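Following: one structure in structure tokens, then a few remarks.
Numbers for residues simply follow the sequence, beginning at 1. The structure presented is a predicted model; accordingly, all values stated were derived computationally and were not measured.
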Amino acid sequence: MWEKFSKQLTHYTEAERERIRVAFDIAEHCHHGQTRGTGDPYITHPVAVARELISLKLDASTIVASLLHDVLEDCKITKKDLENKVGVEAAFLVESVTKLDHVRYQGFERKVESTRKMFLAVAEDIRVVLIKLADRMHNMQTIRGLTPEKQKRVAQETLEIYAPLAYRLGIGEWKGELEDLSFPIIYPDEYKWLTGEVKNLLPKRKKYLDKILPVVMGHLESGGVYPVSIDFRTKRYYSLWRKLLRNNLDLERITDLAALRIIVNSIEECYQALGIIHSLWRPLPGKIKDYIAMPKSNGYQSIHT
């Protein structure tokens, strides 16, 4: 397993890779013989958590701690042992993640915000929260190993605590993934209805975007704007459901079910691109949102039209 895992460590130094290898060996030894609710060897969990954090290019100490995040509770190893083997910084992160496990969600709406604040207060280092988010991501991806009752409790906690934390940290992909993994567990009937409706409507929207993509590209380049990338973005199911609740469950009123996402090099080019697109199609009143002039609370900046 190490050989496959190590191929993802290309942007770490040789010394950092060696520290990560030591942590991997400790985790493999500590979790030997343990299995998860899914029946998979337990080691697959810390490895999956580490991979999520490697994708964010976090530092070696975070990767080390992610591999070892369960060893203090599950294995006969102490913080001092970890300090001697992987360093003081990584051992501190492991201990801090263990402390966060004792922050419990009470399930009452008025306590949700206080739980989030306590979560951040207990975590003295933001990397601890990132490890916990990656940990929850894999737990949700493998949630079938839990009883239905526990699945619902974990999904509710994910939706009300973990997804908003991911949003606050500006990790939109994680927020959306955590919400979509929770959605069918908490609202199975609504999820079934929505996916059925979208299945019929989405292909039409995508076909339209395929048609206008070369038109947009041509006019942007003629206007001196050369995008870094243009791709399709399909609205996440849970986000779409929340928006539908505000629009009387009318999918025809949802204008961003599928959208083009244009990435450019500068703020000036954002506004230039907007002007070019509005010269092609008349903007809908009230449907322009300038999150560059007025960023979202988590720092998100873009223009929607």
Side-chain angles (χ1 to χ4, degrees), residues 55 159 163-164 166-184 187 190-305:
S55 72
L159 203 56
Y167 173 80
R168 287 188 182 186
L169 295 176
I171 314 175
E173 282 297 312
W174 283 12
K175 170 191 175 283
E177 181 74 7
L178 288 168
E179 288 179 339
D180 278 1
L181 288 166
S182 304
F183 186 22
Y187 304 110
E190 292 86 344
Y191 178 82
K192 185 178 179 180
W193 174 84
L194 181 63
T195 51
E197 292 294 312
V198 170
K199 184 180 178 182
N200 298 324
L201 192 57
L202 198 55
K204 298 175 187 175
R205 301 282 177 97
K206 285 186 174 178
K207 186 178 179 181
Y208 176 72
L209 292 179
D210 282 330
K211 183 180 175 182
I212 70 166
L213 178 58
V215 178
V216 172
M217 279 293 296
H219 280 79
L220 286 175
E221 291 180 4
S222 295
V225 176
Y226 298 90
V228 175
S229 66
I230 300 183
D231 61 16
F232 293 141
R233 191 271 299 147
T234 304
K235 198 165 187 67
R236 292 273 192 175
Y237 285 131
Y238 184 71
S239 177
L240 175 58
W241 172 250
R242 293 288 299 271
K243 197 165 189 176
L244 276 170
L245 291 176
R246 299 192 297 270
N247 287 275
N248 298 316
L249 299 181
D250 184 359
L251 269 168
E252 292 298 329
R253 292 172 65 181
I254 307 299
T255 55
D256 61 342
L257 178 60
L260 288 180
R261 179 166 47 190
I262 304 171
I263 309 296
V264 293
N265 287 295
S266 67
I267 289 175
E268 290 74 18
E269 285 191 352
C270 279
Y271 289 107
Q272 195 178 345
L274 185 72
I276 291 167
I277 289 167
H278 285 172
S279 73
L280 295 170
W281 295 283
R282 187 190 301 273
L284 294 173
K287 292 294 184 180
I288 304 168
K289 295 178 181 176
D290 188 343
Y291 295 117
I292 291 177
M294 293 178 287
K296 289 189 177 183
S297 59
N298 66 346
Y300 172 84
Q301 289 185 284
S302 76
I303 303 173
H304 296 184
T305 184

Check: Heavy-atom distance under 4.5 Å between the side chains of Trp174 and Leu169, does that happen here?
Finding: no

Next item on the list: Would you check if Pro227 and Leu220 make a side-chain contact, meaning some heavy-atom pair closer than 4.5 Å?
Entry: yes

Next item on the list: Taking the side chain as every heavy atom from C-beta outward, state whether Leu201 and Glu252 have any atom pair closer than 4.5 Å.
Entry: yes

Notebook entry, point to check: Mind checking what makes salt bridge (Lys or Arg N to Asp or Glu O under 4.0 Å) contact with Arg261, not counting sequence neighbours?
Noted result: Asp231

Note to self: Going by the rule side-chain hydrogen bond (donor to acceptor under 3.5 Å, both in side chains), which residues pair with Ser302 if we only count those two or more places apart in sequence or in a different chain?
What the structure shows: Tyr300, His304

Next item on the list: Hey, could you give me the CG/CD1 distance between Leu274 and Ile303, rounded to the nearest 0.5 Å?
Entry: 5.0 Å

Check: Can you find a pair of side-chain heavy atoms, one from Val228 and one from Ile262, that are under 4.5 Å apart?
Finding: no

Margin query: For Arg233, give me all partners under side-chain hydrogen bond (donor to acceptor under 3.5 Å, both in side chains), at least two apart in sequence or on another chain.
Written below: none

Notebook entry, point to check: With Tyr167, which residues qualify under ring pair (Phe, Tyr, Trp, His ring centres under 6.0 Å), at least two apart?
Noted result: none

Margin query: Among residues at least two apart in sequence or on other chains, which ones pass side chain to side chain contact (heavy atoms under 4.5 Å, CB included) with Leu209?
Written below: Ile212, Phe232, Ala258, Leu260

Checklist line | Residue pairs fulfilling salt bridge (charged side-chain N to carboxylate O under 4.0 Å, His left out) with at least one residue in residues 240-250, sequence neighbours excluded | finding: Lys243-Asp256

Notebook entry, point to check: Is there any side chain to side chain donor-acceptor pair (under 3.5 Å) pair reaching into residues 197-220, and which pairs are they, with sequence neighbours excluded?
Noted result: none

Item checked: Non-neighbouring partners of Pro203 that pass side chain to side chain contact (heavy atoms under 4.5 Å, CB included), sequence neighbours left out -> none

Next item on the list: Of all the heavy-atom pairs spanning Asn265 and Tyr226, show the shortest one and how long it is.
Entry: ND2-O, 3.8 Å

Check: Which pairs count as salt bridge (charged side-chain N to carboxylate O under 4.0 Å, His left out) when at least one residue sits in residues 280-299, sequence neighbours excluded?
Finding: none

Notebook entry, point to check: Of all residues at least two apart in sequence or in a different chain, which pass the side chain to side chain contact (heavy atoms under 4.5 Å, CB included) check with Ser266?
Noted result: Glu268, Glu269

Note to self: List the residues meeting side-chain hydrogen bond (donor to acceptor under 3.5 Å, both in side chains) with Glu177, not counting sequence neighbours, and say none if there are none.
What the structure shows: Arg236

Margin query: Tell me every residue that passes side-chain hydrogen bond (donor to acceptor under 3.5 Å, both in side chains) with Trp241, counting only those two or more places apart in sequence or in another chain.
Written below: none

Notebook entry, point to check: So do the side chains of Leu257 and Leu240 get within less than 4.5 Å of each other, counting heavy atoms only?
Noted result: yes

Notebook entry, point to check: Taking the six-membered ring for Trp, is the centroid-to-centroid distance between Tyr237 and Phe183 below 6.0 Å?
Noted result: no

